[in-house]
Number of protein chains: 2
Amino acid sequence: MKRADRLIQIIELMRRERRPVTAAYMAEELEVTPRTIYRDMVTLTASGVPIDGEAGIGYVMGDGYHMPPMMFTEDELEALMLGMRMVQERADKDLAKAAKNLIGKISTSIPDDLSALFLNTDLYAPQFVKIKDETVSVADIRHALRHQFKIKITYADVKGDVTMRIVWPILMAHFYDNRNMVAWCEKREAFRSFRTERIQELEVLPEKYRPYRKSLIKKWAIENQIPELA
Amino acid sequence: MKRADRLIQIIELMRRERRPVTAAYMAEELEVTPRTIYRDMVTLTASGVPIDGEAGIGYVMGDGYHMPPMMFTEDELEALMLGMRMVQERADKDLAKAAKNLIGKISTSIPDDLSALFLNTDLYAPQFVKIKDETVSVADIRHALRHQFKIKITYADVKGDVTMRIVWPILMAHFYDNRNMVAWCEKREAFRSFRTERIQELEVLPEKYRPYRKSLIKKWAIENQIPELA
DNA sequence: ACACTGCTGACAAAAATTGTCAGTACTATT
DNA sequence: AATAGTACTGACAATTTTTGTCAGCAGTGT
């Protein structure tokens, strides 16, 4: 990659990251050595781009630097299309519908030539193992999860034992052949995973749970040794 | 002045001008020849900076036309996020990077409260079977495919036999544990699938293939009994 | 018809970029 | 007080990029 491109990409990258970004990270992502990144940063700051670097921390972009909205690149549109295909194949039907709507919205708001490219079928992402449809509305779970509502569920476990519990949903996990809701179970006082298709009944309670979902996710990630979420 | 600086300055200059700016004017201002400005513009637009050039007029920066403020529903944002996670886990590294950039672009163009919801981690879509990294650039394949360029590849088949062929790439297929390029093979005069990680060398030829990709895909889909693409 | 402008290709001289390596200084954590 | 992580600098040679030049085509507005 040429330097000029890289500089623009660094601006984009800094704009989207809220946390400090290390030179090493950028070096990896942009496929150059950290030394080159340091040189780039000098160039950018010299040209007036408000980037702050602190030893031991990383780089942060100052507020107020406003680049005009960039259009999507071909690769971004392709990533979007592939992602939406995957969602349509693999996610629950509400989300699949949302994916379809999204494709529509975006394709009408980009130039025609890009749009044609975008909508053209040149991707294929089939899922051979079909995931069972849910009895309950996964949209309800997602809604509860986003706003930290407690939910009451009737659940059939592997052995077929049916129980009723109040849980705090914190995460949706999408695996190859099943979907899981990860939640804190009030009954067991522990994290549990619930396969969505085994949830028989579901009620979103008006009551919210207190600890921030983010911290619960972190705790769960540590317990389950999933570094990318911890 | 170095090129990198000049590009950043061009962005600044375009942002503050309302009227079209001619290449000649910028060339004067930045003390280079117009030819150099034309080259710069190609670089900038390729990097996604929304600049429009019209013969007889000059250059204007797109007023957010390419990416207008869009309203998304919570479900759409969640579909988007899930899709991009999947792409990051499952697609080649260029597309993964594009997915990341896309998240950044969209998150800066939607209201803050939605943005926070959007970026919050409440999805997990791991891929346990890791797909092998490619030797060649999959971005090149995608580019050739989108624009119907022929490509020349050196390919090692299952038995380990290495051959060189000219093929017409028509489709990328993303499976659970591998990625495939589907193409018309000039040598065999038939459709063939090539696992991307077994392509040893790749050259995008300047020559385009004639039949529309869409019709080739259809033919391939019928041969392979894939009704959703036929 | 005309002037103006965007845009492209090719080439060789000139200039910038890069990785490498070795080292300094600052920050937060232990 | 020690340690790990990070920003940052200098110098050099191989490599890559950039630039001007020139010649031309194509679209826009008068």
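All of these numbers come straight from a predicted model, not from anything done at the bench.
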Self-check item: Paired and unpaired positions of DNA chain D as dot-bracket, Watson-Crick or G-U wobble under 3.5 Å, | denoting a partner strand
Solution: ||||||||||||||||||||||||||||||
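The salt bridge (charged side-chain N to carboxylate O under 4.0 Å, His left out) pairs that include a residue from residues 165-186 of chain B are B/Glu134-B/Arg179, B/Lys150-B/Glu186, where partners are two or more places apart or lie in different chains. The side chain to side chain donor-acceptor pair (under 3.5 Å) pairs that include a residue from residues 21-35 of chain B are B/Thr33-B/Thr36, where partners are two or more places apart or lie in different chains.
Using bins of under 30°, 30° to 60° and over 60° for the plane-to-plane angle, the ring pair B/Trp184/B/Trp168 lands in the tilted bin. Note: B/Tyr59 and B/Tyr38 have tilted aromatic rings, judged against thresholds of 30 and 60 degrees for the angle between ring planes.
With distances taken from any side-chain atom of B/Val42 to the nucleotides C/dG6, C/dT18, C/dT8, the minimum falls on C/dT8. Among the nucleotides D/dT6, C/dG19, D/dT19, the one closest to the side chain of A/Thr33 is C/dG19.
Salt-bridge annotation for B/Arg198 and B/Asp157: absent, with no side-chain N of the basic residue lying under 4.0 Å from a carboxylate O of the acidic one. The pair A/Lys218-A/Glu223 does not count as a salt bridge, with every side-chain nitrogen at least 4.0 angstrom from each carboxylate oxygen.
To the nearest angstrom, C1' of C/dT8 lies 15 Å from CG of B/Asp40. B/Leu44 has its CG atom 15 Å from the C1' atom of C/dC7, to the nearest Å. Whole-Å rounding puts the B/Ile37 CD1 to C/dG6 P distance at 10 Å. In this structure, A/Ile51 atom CD1 and D/dC8 atom P are separated by 10 Å, rounded to whole Å. The interatomic distance linking B/Tyr59 (OH) with C/dC7 (C1') rounds to 7 Å, in whole Å. The distance between atom OH of A/Tyr25 and atom C1' of D/dA7, rounded to the nearest whole Å, is 18 Å. Between the CZ atom of A/Arg6 and the C1' atom of C/dG19 there is a distance of 12 Å, rounded to whole Å. Following rounding to the nearest Å, A/Asp5 (CG) and D/dT16 (P) show an atom-to-atom distance of 17 Å.
Residue B/Arg3 has a polar side-chain atom (N or O) positioned under 4.0 Å from OP1 or OP2 of D/dT19. Distances shorter than 4.0 Å separate some side-chain N or O of B/Thr36 from OP1 or OP2 on D/dG20. Between B/Tyr38 and C/dG6 there is a side-chain polar atom (N or O) within less than 4.0 angstrom of OP1 or OP2.
If you check every strand for non-hydrogen atoms under 4.0 Å, B/Arg35 touches a base.
Defined by atom type and a distance below 3.5 Å, a donor-acceptor pair is present between the side-chain atoms of A/Glu74 and B/His147.
The ring-ring contact (aromatic ring centres under 6.0 Å, His included) check on B/Phe175 picks up A/Phe128, with sequence neighbours excluded. A/Tyr176 is linked by a ring-ring contact (aromatic ring centres under 6.0 Å, His included) to B/Tyr176, counting only residues two or more places apart in sequence or in another chain.
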Tabulated below should be each protein N or O lying under 3.5 Å from an N or O of nucleotides 27-30 of chain C; please produce it.
residue	atom	partner	partner atom	Å
C/dT27	O4'	A/Ala55	O	3.0

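Panel note: side chain A/Gln148, backbone A/Tyr209; a donor-acceptor pair is recorded below 3.5 Å.
If you check distances only, the side chain of A/Arg39 does reach the base of C/dG19 with a donor-acceptor pair under 3.5 Å.
With DNA chain D read from its 5' end, the first of the two nearest nucleotides for A/Asp52 and A/Lys2 is the one closest to A/Asp52.
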